[in-house]
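These numbers were taken from a predicted model, which means no experiment stands behind them. Letters go in sequence order (proteins before strands), and every chain restarts at 1.
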Amino acid sequence: MKAVELARNYDPKDFEERIYEEWKAKKEFAPSDSDKEHFSVVMPPPNVTGILHMGHALNNSLQDIIVRYYRMLGRPTLWVPGTDHAGIATQNVVERQLQKEGLRRQDLGREKFVERTWLVKEKHHDIIKKQLEKMGCSCDWDHERFTMDEGLSRAVREAFVTLYERGLIYKGKYLVNYCPKCGTALADDEVEYENVPGKLYDVRYPYADGSGYITVATTRPETMFGDTAVAVNPADERYTAVVGKELLLPLTDRRIPIITDSFVDMEFGTGMVKITPAHDPNDWECGRRHNLEAINLLNPDGTLNDNVPVKYRGMQAEEARKLVVEDLEKGGYLVKVTDHSHDVGHCYRCHTTVEPYLSEQWFVSMKSLADKALQAWRDGDIVFYPKRWENTYVHWMETIRDWCISRQLWWGHRIPVWYCNDCGKMIVSRTDPDECPDCHSHSLRQDEDVLDTWFSSWLWPFSTLGWPDRTPDMERFFPTNTLVSAYDIIFFWISRMIMASEEFIGKAPFHDIVITGLVRDIQGRKMSKSLGNGIDPIEVIDRYGADAMKFTLCYLAAQGQDVMIDMDSFRLGSRFANKIWNATRYLLMNIEGRNLVEVERSSMTVMDRWIYSRFNDAARTISEAMAGYRFNEAAQAIYSFFWNDFCDWYIEASKGRLLHGSDAEKDVQVSILMDILEKSMRLMHPFLSFITEEIYQKLPNHKGDVISSSYPLYDAALSDPEADSLVSLLQEAARLVRAARAGLQIAPEKKLRVVIRTAGRTPSAAFMEEEAGLLASFMSASSITVDTDGSEDIKGAMPATGPGFEAFIFVREAIDVEQEVKRLEGEIKKNEALLEGTMKKLSNDNFLSHARAEAVEKEKSKKAEFEDKIQKAREHIELLRSF
RNA sequence: GGAGGAUUAGCUCAGCGGGAGAGCGCUUGCCUUACAAGCAAGAUGUCACAAGUUCAAUCCUUGUAUCCUCCACCA
């Protein structure tokens, strides 16, 4: 064979992009025709507004690892990519653009505005796709979808109309969360509560009959114009006498009654609460119980409307508050003002204070949907990794409230409801109607609102596969297998997908739900634009490469724990990739003139059998880890196998045979090295995709591409405990001598004679004798003599004790006796402490009678070992002193 | 108020009912037939605290402390 040249330096830029293009050209990401069980994953669709952040990088890296792994196991594997139209967020982006041009969306009109939003969508989509490609995501771009494309829009209509037909969608006037800035209603979970300092105002409300006054406490005095009652707790004896009396609402001429309601907390404030049904969720409920009028005080833009006295009209709430407080004070109604911090709802998109707002909206009745989703969990159809998230899921499902799905936006799926302008008939339809079924009028108008973005994303696992049609993709790839997502969208998305899937198809949409942690900065803060502490995945890739990024994230992604990283963190993966590169470069230099041969197991050395055994162990660890989505364990197994076992020991050990062996021996050595290297590329490919492909193609023994090769699995025949224990003995001996040399600062080029004394002709003695040359090179020894009968003269040598042997190093000229004695005394002390612990157990009858037999045996052998070490160390001190 | 997580080396974090681990950083010595982004050796820990269970606890139980999430409520 000819030597293959690998570039002197590992530079991912040399090949990552090229290889991705090759994969795409060869349709490697398309599912195979195999009739094995399918494996499918849908990508959580990124918002088409933004660019991808580190959270996406983590999420998609893990998906890519899973998908590549199952693909290599031979299963027809499909990873569906796509993007989400992200109603509010995207509309905000476009509105902000318009604002810069001094325009509002109303100036453009609905049609023009939506057109323009599509352009923005296209632009961002291209960026996102490019980013996913740079990361190396092996998703099938031929299956890419967008939540507003034609097929998915049809799915949305199908879902809406079906739910309507089942009586699970209704329209009504309710108090909803409303963002005045976005101009739309929000779902309950789209509101983020934040503790803000505020004031609590105690205000006097006089009795209408002039017999005095009561005091109520409020944080929002400007809403008093919407008060329609004052409530006290029915059990509150302080107020029993006044219940039913009328009050005069200050600054107005309205009269309101005192009522009782048990939601009132007697302990808080005065125990009297003003009831403003149109502007507080509790008051709204209270108002419904007592048939109180709900007076809406707000215009859609958040300014006060005509239901307030003239002087406050058109003001923003906060502005009006100051004035109302002033006026209350002037009128002698204000008792006191105290500081009071409380949680205030904010819009999760624009962070404006959310107003409870009375308006007509569409809702999904959630109870029955949630029941089915809970049942799916009880039946074991869905499993969370880690399991603890199941509590969160169950709790949310059990306390679910109806879902407000209408949004007063222009960007999104228009609600498929029409009204007849002539007879007022409401038409809910899968297709656009052109005639009223009742009066046959052609004058119809469609509902102005659009649906909540999540109303399309909750269909994602099946709408992307062609639902509501029974497409081949649906038949073949649904239900999907695994969903990978961060915990912050369990409610928004994961739970709802399960509900939708159970409702429309009667099956869970996926079986395994892998919940990742969030990516945080090194100080533990969530990465965010406003803090400016985010790390751009593209910057990481430009600096370290996509493999380094994926491997690092995988290595750090322990079971749902948050991942704290900074730019430097990625050096971990980068160093590892560099190591792989250099090891390969070295090995490929050595194939010049060699022939690959079949190596019979019977002709292998212990070292050869050992490296296969180690490889085999790694393969087992990885498949076990992957089965439980323990990515960090898999990454660690790869790292320690390739670096510690293969590079540090096996390749080092092979150098002797490569340099001094016969041609036949060299051929055998190179063949084994190439075999392990080839298998390693397959083993590592899901975790380091580009570099393994680049290398694999250059191996003399490769077949095709690594991406479509088979994944190495555990093979009981390769397991070799004997080789494992013999080699670890050898490693132990090497370490012992190295440590002794290092302790005495003996230069490596100074080769010293070493005698290894064993207790008789043991298997390890035979092994060390056989591998004396290897031992000598690991120990930088001039010669190794294995002494099985104590006949060697070890006078003047420095001793060291290993498990089952003693090593004597002839270091006479270099040795500092006192320093060495000190070290040995330290060793005695350490072993005495260990012995003490063991003795404590062994002298304890309870231990002897209760502990497992193996545990007792282990303690006994430990005792012997410690005693032996102490004994030997004492002898060694004697020996040194006798020099 | 409810739920969950974290607390292990200087830093970031694994781990586990039976002699405390990794990476980075640090110290020392080495440019050894790939890799100085490397090799070899080394130092550093009341495994947060306190009780309990157990023959045995860093690990299980219960409390405490500190930190962090989420949910609910807050007139």
Check nucleotides 57-62 of chain B against the protein and report each pair of N or O atoms closer than 3.5 Å, with its distance, or say if there are none.
none

**OP:** Just jot down the side chain to side chain contact (heavy atoms under 4.5 Å, CB included) partners of A:S777, sequence neighbours excluded, or say none.
**Re:** A:L774
Subject >> Any residue meeting ring-ring contact (aromatic ring centres under 6.0 Å, His included) with A:W396, in chain and number order, not counting sequence neighbours >> reply: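 If we apply the ring-ring contact (aromatic ring centres under 6.0 Å, His included) test to A:W396, skipping adjacent residues, the hits are A:F491.
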Original post:
Of all the base pairs, Watson-Crick or G-U under 3.5 Å, which form stems of three or more consecutive pairs involving RNA chain B?
Top reply: B:1-7 with B:65-71, B:10-13 with B:21-24, B:26-30 with B:38-42, B:48-52 with B:60-64
Original post:
Ring centres of A:W649 and A:F778 under 6.0 Å apart?
Top reply: yes
Of the nucleotides [options], which has the atom closest to the [X] side chain?
| X | options | result |
| --- | --- | --- |
| A:D648 | B:C55, B:C39, B:C35 | B:C39 |
| A:Y639 | B:G5, B:G23, B:A34 | B:G23 |
| A:Y10 | B:G5, B:A34, B:A37 | B:A37 |
| A:R852 | B:G23, B:A34, B:G18 | B:G18 |

Within less than 4.0 Å of OP1 or OP2 of [N], is there a side-chain N or O belonging to [X]?
| X | N | value |
| --- | --- | --- |
| A:R571 | B:G25 | yes |
| A:K840 | B:G18 | no |
| A:W643 | B:C39 | yes |

Less than 3.5 Å apart, any donor N or O on the side chain of [X] or [Y] sitting next to an acceptor on the other?
| X | Y | value |
| --- | --- | --- |
| A:D188 | A:N177 | yes |
| A:D227 | A:Y205 | yes |
| A:T223 | A:K274 | yes |

Original post:
How is A:E633 classified with respect to the nucleic acid when contacts are heavy atoms under 4.0 Å: base, sugar-phosphate, or nothing?
Top reply: nothing
**OP:** Classify the nucleic acid contact of A:R8 as base, sugar-phosphate or nothing, counting any heavy atom under 4.0 Å across all strands shown.
**Re:**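 Result for A:R8 = sugar-phosphate.
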Subject >> Residue of the set A:I672, A:L587, A:I580 for which side-chain contact (heavy atoms from CB on, under 4.5 Å) holds with A:L677 >> reply: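 So, applying the side-chain contact (heavy atoms from CB on, under 4.5 Å) to A:L677 and each of A:I672, A:L587, A:I580, only A:L587 qualifies.
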**OP:** Please list residues of residues 730-743 of chain A whose heavy atoms come under 4.0 Å from any atom in RNA chain B, ordered by number; otherwise none.
**Re:**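 Correct list: A:R735, A:R738, A:A739, A:A742.
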**OP:** Measure from NZ or CZ of A:K579 to the centre of the six-membered ring of A:F646 and say whether it is under 6.0 Å with the direction within 45° of the ring axis.
**Re:**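 Negative - A:K579 is either too far from the ring of A:F646 or too far off its axis.
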**OP:** Using the test salt bridge (charged side-chain N to carboxylate O under 4.0 Å, His left out), find all partners of A:D562 that sit at least two apart in sequence or belong to another chain.
**Re:**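 For A:D562 the salt bridge (charged side-chain N to carboxylate O under 4.0 Å, His left out) partners, ignoring immediate neighbours, are A:R520.
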